[in-house]
Amino acid sequence: MLNYYDAHLARHGDTASGAAWPDEAGRRARFRMGIDLVLQHAGQRRVTLCDLGCGTGELYRFLQEEGFDDVGYIGIDRSSLAIGIARAKFPDVAFHCLDLLDADGKTLDRLLDCDFVFANGLFTVRHEATHEQMWAFMTRMLEATWPRVRRGIVFNVMSTLVDWERDDLFHVSYDDLARYLRGLAGRAIGFRADRDLYELMAFALKDDLPPPGRRPIAAGREADAVPVCRPRLPRVKDLTPFLERMDDARRYTNHGTLSAQFTRGLAQAFGVREEEVCLASSGTSALIAAILATAGRATSERPWALCPAYTFAATALAAEACGYQPRLIDVDSNGWMPTPEFAARQPLERVGLALATAAYGQSVPQQAWSEFSRDSGIPVVIDAAAAFEQACDHPDDTFGTVPVVLSMHATKAFGIGEGGAVLCTDRGVIERTYGALNFGFLGARECRMPGINGKLSEYHAAVGLAQLARWPSQRHALSQVAQAYQKHARSHGLAGRIVTAPRVASCYALFVARDATEAAAATAALAAARVGFRRWYGVGLHNEPHFVSAPRGLLANTERIATCLIGLPMAPDLHDTEIARVVAALAEAAIPHAQAGITQAGRGVTP
Ligand SMILES: *Cc1c(COP(=O)(O)O)cnc(C)c1O
């Protein structure tokens, strides 16, 4: 078995296939189901989990990425190859290379000092072992762990309720397993097989447990935790005057008076004509409409959309919704966005659309992309979802013939719950955007182009108007928090390592780790300090299960940036002591005085 797994790891590297899983999505589905069971039955906030057969420690990564800060982690595996990789990735985590069946009682007591053992995939493959040998292996392992864990064990085997049983897998019937677990653990046993997997997730619990379900997976955080995001939108009472006008007008959507007024208010805030702004029900519907208004749906001659690999999933999903096949390209190491120079070097014959970004609401590269579009003839849409402040402060750089998309999602600096906008100086584009957001109707009630229903309702326009009224104070509060971050960063020797407004939108504070090691140390320190964090753009689109097979170029910058950029808590009322706690945790983890390679402003370097 050891040889079997080591051969997979050697052949496929540190991937799902390298751990003998069919794919990453399946592996994560099992992680989620196992952790779900553990937390459901933990009956307490903090849980220590022993990952038996941990391989290269990807469950630990999953816990970090998914924000399970309350789960302590110990990894055990027989393979020194896998443990070596795990330790290199997560130097602060306890990984032990050990054969459980060969260890003495004292060692087992020490290493299995945990609430739960989770053995994911340890008993699913039997390779060349017989069923009997595999059964003996499984039961001996469970009998070594069961007396030592405080609360329970969770593990999976293949099911016998399948169309066919594979010769190399370990299929066990419910009855056999239930009878065995009943003998081992008593009555508190159970199975889950409600995901579309050909296996059973079995669990056994110690008797003195509280009833299940006391701690749902999305339980509220403890009072002293600092959440990564705590938006503050207008109060309900501030909406009332606007909503009453809606009551009187009896118009609830379809470009009513509130959304007309909100459009004018936004145009005024940006200092442009109202014909240059079109509201939408979300940033994503605004993206789709802007694509339909410029490039139209994908054609068989030009089915591809260039899309940065480092962005929020919505960018690529919008292109896909318009029929395009996203082709992921790398981003610039300084600006964290794709550059027109790099896009121009791609094979463009089959490209029908290029998506650009203004990552984290940085300045919008309008001019560069309108030149690219003019020279190449390829329509461009800029996903500048968070760039509301750029549009206010630098309208001349933001507005142009290339449509720019904003989001007014609750998490953005200017949030209204759900909402979006397309900004463009080309009236024809704005008219077609209106059409695309309203069933393809252009003026008349007649469908003339592809479209969706993506209009902003009058309810959301009411929030928008109330938010416009309080925007100066909201912005001031956010920028005070940004300044406090910078003050604490300087006093902890982290000057330049935390990026805030005005470089990025004021809803973001980003720690720039120097490398993967420092990033892992930083997230571990944040978790230990009960500070929330989030990789806002995930770990690169190519690592999202849906996009794993999307065509792509080399993504070296994306890989590095996605690992190193860590979103820190942000809120208009984030208290100075909370900010101090966040920065102190980072200072503990940071390599002192390191000059991170991706902090400098400017976009001189192309990938
Ligand atoms: C927020 C965001 C979106 C999505 O906007 P919604 O309003 O939530 O649809 C798209 N792209 C980026 C880069 C974002 O940050």
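When a ligand or atom number is given, it counts from 1 through the structure's own listing order.
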query: Which residue, Ile579, Leu510, Leu568, forms the side-chain contact (heavy atoms from CB on, under 4.5 Å) with Ile498?
result: Leu568
Mind listing the N or O contacts between ligand 1 and protein, cut-off under 3.5 Å?
| residue | atom | partner | partner atom | Å |
| --- | --- | --- | --- | --- |
| ligand 1 | 5 (O) | Ser407 | OG | 3.2 |
| ligand 1 | 7 (O) | Gly283 | N | 2.7 |
| ligand 1 | 7 (O) | Ser407 | OG | 2.7 |
| ligand 1 | 9 (O) | Gly283 | N | 3.3 |
| ligand 1 | 9 (O) | Thr284 | N | 2.8 |
| ligand 1 | 9 (O) | Thr284 | OG1 | 2.6 |
| ligand 1 | 11 (N) | Asp383 | OD1 | 3.4 |
| ligand 1 | 11 (N) | Asp383 | OD2 | 2.7 |
| ligand 1 | 15 (O) | Lys412 | NZ | 3.0 |

- prompt: Do you know the tightest heavy-atom contact between Ile416 and Phe414?
  reply: CG2-CE2, 3.8 Å
query: Is it the case that Ser363 and Asp397 place a side-chain donor and acceptor less than 3.5 Å from each other?
result: no
task: Taking atom types as modelled, find out whether Asp330 and Thr558 have a side-chain donor-acceptor pair closer than 3.5 angstrom.
output: yes
Partner of Phe547 by side-chain contact (heavy atoms from CB on, under 4.5 Å), out of His542, Glu320, Arg552: Glu320
task: May I ask you to check whether Tyr60 and Phe68 place their ring centres under 6.0 Å from each other?
output: no
